[in-house]
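Some notes on the structure that comes next.
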Amino acid sequence: MGLNLAKNGRTTKSFVEQGWWEQALDAVKGNKSLHQPIVTIQFGHNDQKPANGVPLADFERNLGNMVDEVQAAGGTPVLITPLTRRSFKDGKVDESLVNERATTIKVAEEKGVACLDLNKASVDYVNAIGEANGHKYDAEPGDSTHLNAAGTTVFSRMVADLLVRERSDLGQWIRGNKALSAKIWAGEFATGEE
């Protein structure tokens, strides 16, 4: 069973304040007797915006608290570095989430939990397919952060592949797509219809 409680526009702070995090922890507590719940945690895009009031030190602390709370609830946290934006500078992806990526990795290392480096994987992929193809995943023209249906398919496949690489025991529960995975990891543009 999978439960997606992700909400666009949230930060590590607002996700907690608005009650979404409590729902995630309740789901862990309610299912831990049936299986070992895994909670994937990915933030950064909105935390980095100064108007949202989450300085990097707070982002680090908030991620650490989330890891601790998932473990206390009986689950296994998996941190995920933020998906790259598909903005380019001088022919390459403008890596605007370097600090959030490094902080996520640091928290995972300090807490001894798994971390999927989606940021690196997505930067490498988008650099390989180029700017024009990268923008084919934009939710709308000029929006290099949010994804359309094709982008959602491609990058969710990337996350699934990274998760199975980290936890091969989960392969039995995650449906593969060899054609799509092959294109992603070869750096070839994928339409999401593979």
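Just so we're clear, the structure is a prediction, and the values are computed from it rather than from any experiment.
- Taking both residues in full, the closest heavy atoms of Ile80 and Thr40 are given as CD1-CB, 3.6 Å, listed atom of the first, atom of the second, then distance.
- For Ile129 against Gly187, the heavy-atom pair with the smallest separation is CG2-O, 3.7 Å.
- In terms of heavy-atom proximity, Gly9 sits nearest to Ser14 at O-OG, 4.5 Å.
- Asn62 and Thr12 form a side-chain donor-acceptor contact under 3.5 Å, judged by distance and modelled atom types alone.
- Under the rule for a ring pair (Phe, Tyr, Trp, His ring centres under 6.0 Å), the partners of Phe43 that lie at least two apart in sequence or sit in another chain are Phe15.
- For the salt bridge (Lys or Arg N to Asp or Glu O under 4.0 Å) condition, the pairs that include at least one residue of residues 165-174, sequence neighbours left out, are Arg167-Asp169.
- One finds a salt bridge joining Asp138 and Arg86 here, because a Lys/Arg side-chain nitrogen approaches an Asp/Glu carboxylate oxygen to under 4.0 Å.
- Figure legend: Lys136 and Phe189 shown as a cation-pi pair, the cationic atom lying under 6.0 angstrom from the six-membered ring centre and within 45 degrees of its axis.
- Put simply, the side chain of Lys120 reaches to within 4.5 Å of the side chain of Asp124, judged on heavy atoms.
- Contact detail for Trp185 and Leu162: the closest heavy-atom pair is CH2-CD2, 3.8 Å.
- Residues passing the salt bridge (Lys or Arg N to Asp or Glu O under 4.0 Å) test with Asp68, sequence neighbours excluded: Lys111.
- Between Asp117 and Arg101, at least one side-chain N (NZ, or NE/NH1/NH2) sits under 4.0 Å from a carboxylate O, which counts as a salt bridge.
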